Amino acid sequence: MRRTILSLTLSVCAAPGLAQSYPFNGTWDCGVAVFSFSDEIYNNGSENMVITDIAAEGDGYVLTFEDDYQLSVSKNADGTLAWFSPVSGDSFTCTAVN
């Protein structure tokens, strides 16, 4: 019985599709707007955008959205978030909102 419970617990914890928490998750004041991130949604201050893919790249992540738009985010050593859009060339240093 104990082995069955342990096996079930391990398989549930390792199940694919379980949400992962990323270091960029949360609410960030980026100067131009307050952005928020979850594992599935990015809000740019005015609209929710569904994240279709999150790929680790170097020290950060590339987020891809339904229209193939991408942006890069990475957590800086001082706790700020670097936000960069290769499409527009915009970049922001964002501080966490508590």
Side-chain angles (χ1 to χ4, degrees):
M1 175 76 167
R2 179 177 268 170
R3 185 178 298 166
T4 303
I5 292 172
L6 179 58
S7 295
L8 180 59
T9 302
L10 290 175
S11 62
V12 168
C13 291
L18 292 180
Q20 176 180 349
S21 185
Y22 293 96
F24 56 81
N25 282 358
T27 304
W28 300 89
D29 183 347
C30 297
V32 297
V34 174
F35 298 160
S36 60
F37 297 88
S38 72
D39 296 337
E40 299 171 355
I41 301 290
Y42 161 62
N43 182 286
N44 64 6
S46 61
E47 69 177 303
N48 285 334
M49 300 171 65
V50 175
I51 300 169
T52 59
D53 187 58
I54 300 173
E57 183 175 281
D59 292 337
Y61 297 88
V62 174
L63 309 182
T64 303
F65 302 93
E66 290 177 331
D67 59 359
D68 289 329
Y69 174 73
Q70 292 184 319
L71 63 88
S72 299
V73 291
S74 61
K75 195 92 174 271
N76 298 319
D78 65 359
T80 59
L81 182 77
W83 182 103
F84 173 69
S85 169
V87 173
S88 68
D90 291 335
S91 63
F92 308 110
T93 300
C94 310
T95 56
V97 175
N98 294 329

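Excluded from the calculations below are hydrogen atoms, water molecules and symmetry mates; all remaining heavy atoms, backbone and side chain alike, are included. Here the structure is a predicted model, which means the values were calculated and not measured.
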**Message:** To the nearest 0.5 Å, what is the distance between CZ on Phe24 and OG on Ser36?
**Reply:** 11.5 Å
**Request:** Please name the pair of heavy atoms, one in Gln70 and one in Pro86, separated by the smallest distance, quoted to 0.1 Å.
**Result:** O-CD, 3.6 Å
**Message:** If we ignore hydrogens and angles and just use 3.5 Å, is the side chain of Asn76 paired with the main-chain N or O of Asp78 as donor and acceptor?
**Reply:** no
**Request:** Measure the shortest side-chain to side-chain distance between Phe37 and Trp83 over non-hydrogen atoms and say whether it is less than 4.5 angstrom.
**Result:** yes
**Fill in**
Hits for ring pair (Phe, Tyr, Trp, His ring centres under 6.0 Å) against Phe84, two or more places apart or cross-chain, chain-then-number order -> none
**Request:** Kindly determine whether Tyr22 and Leu63 satisfy side chain to side chain contact (heavy atoms under 4.5 Å, CB included), including the steps that lead there.
**Result:** CA-CA 11 Å; Tyr22 293 96; Leu63 309 182; over 6 Å; no
**Request:** Tell me, please, which residues at least two apart from Phe65 pass ring pair (Phe, Tyr, Trp, His ring centres under 6.0 Å).
**Result:** Tyr42, Tyr69
**Request:** Find the distance between CG (Leu81) and OG1 (Thr93) and round it off to the nearest 0.5 Å.
**Result:** 8.5 Å
**Item:** Summary of disulfide bond (SG atoms under 2.5 Å apart) pairs that have at least one residue in residues 50-87, sequence neighbours excluded
**Value:** none
**Asked** Do the side chains of Ile51 and Ile41 get nearer than 4.5 Å, heavy atoms only?
**Response** no
**Prompt:** Which heavy atom of Asp29 sits nearest a heavy atom of Val97, and at what distance?
**Reply:** N-CG2, 3.5 Å
**Asked** Is there any side-chain hydrogen bond (donor to acceptor under 3.5 Å, both in side chains) pair reaching into residues 45-54, and which pairs are they, with sequence neighbours excluded?
**Response** Asn43-Asn48, Asn44-Ser46
**Asked** Between Gly60 and Ser74, which heavy-atom pair has the shortest distance, and what is it?
**Response** CA-CB, 3.6 Å
**Prompt:** For the rings on Phe35 and Trp28, is their centre-to-centre separation under 6.0 Å?
**Reply:** no
**Contact list for residues 35-98, test disulfide bond (SG atoms under 2.5 Å apart), sequence neighbours left out** = Cys30-Cys94
**Where at least one partner belongs to residues 45-88, residue pairs that pass disulfide bond (SG atoms under 2.5 Å apart), sequence neighbours excluded** = none
**Message:** Would you say Val50 ends up clustered with Val87 if hydrophobic residues are merged whenever their side chains have heavy atoms under 4.5 Å apart, either directly or through other cluster members?
**Reply:** no
**Asked** Between atom CG of Asp90 and atom CG of Leu71, what is the distance when rounded to the nearest 0.5 Å?
**Response** 11.0 Å
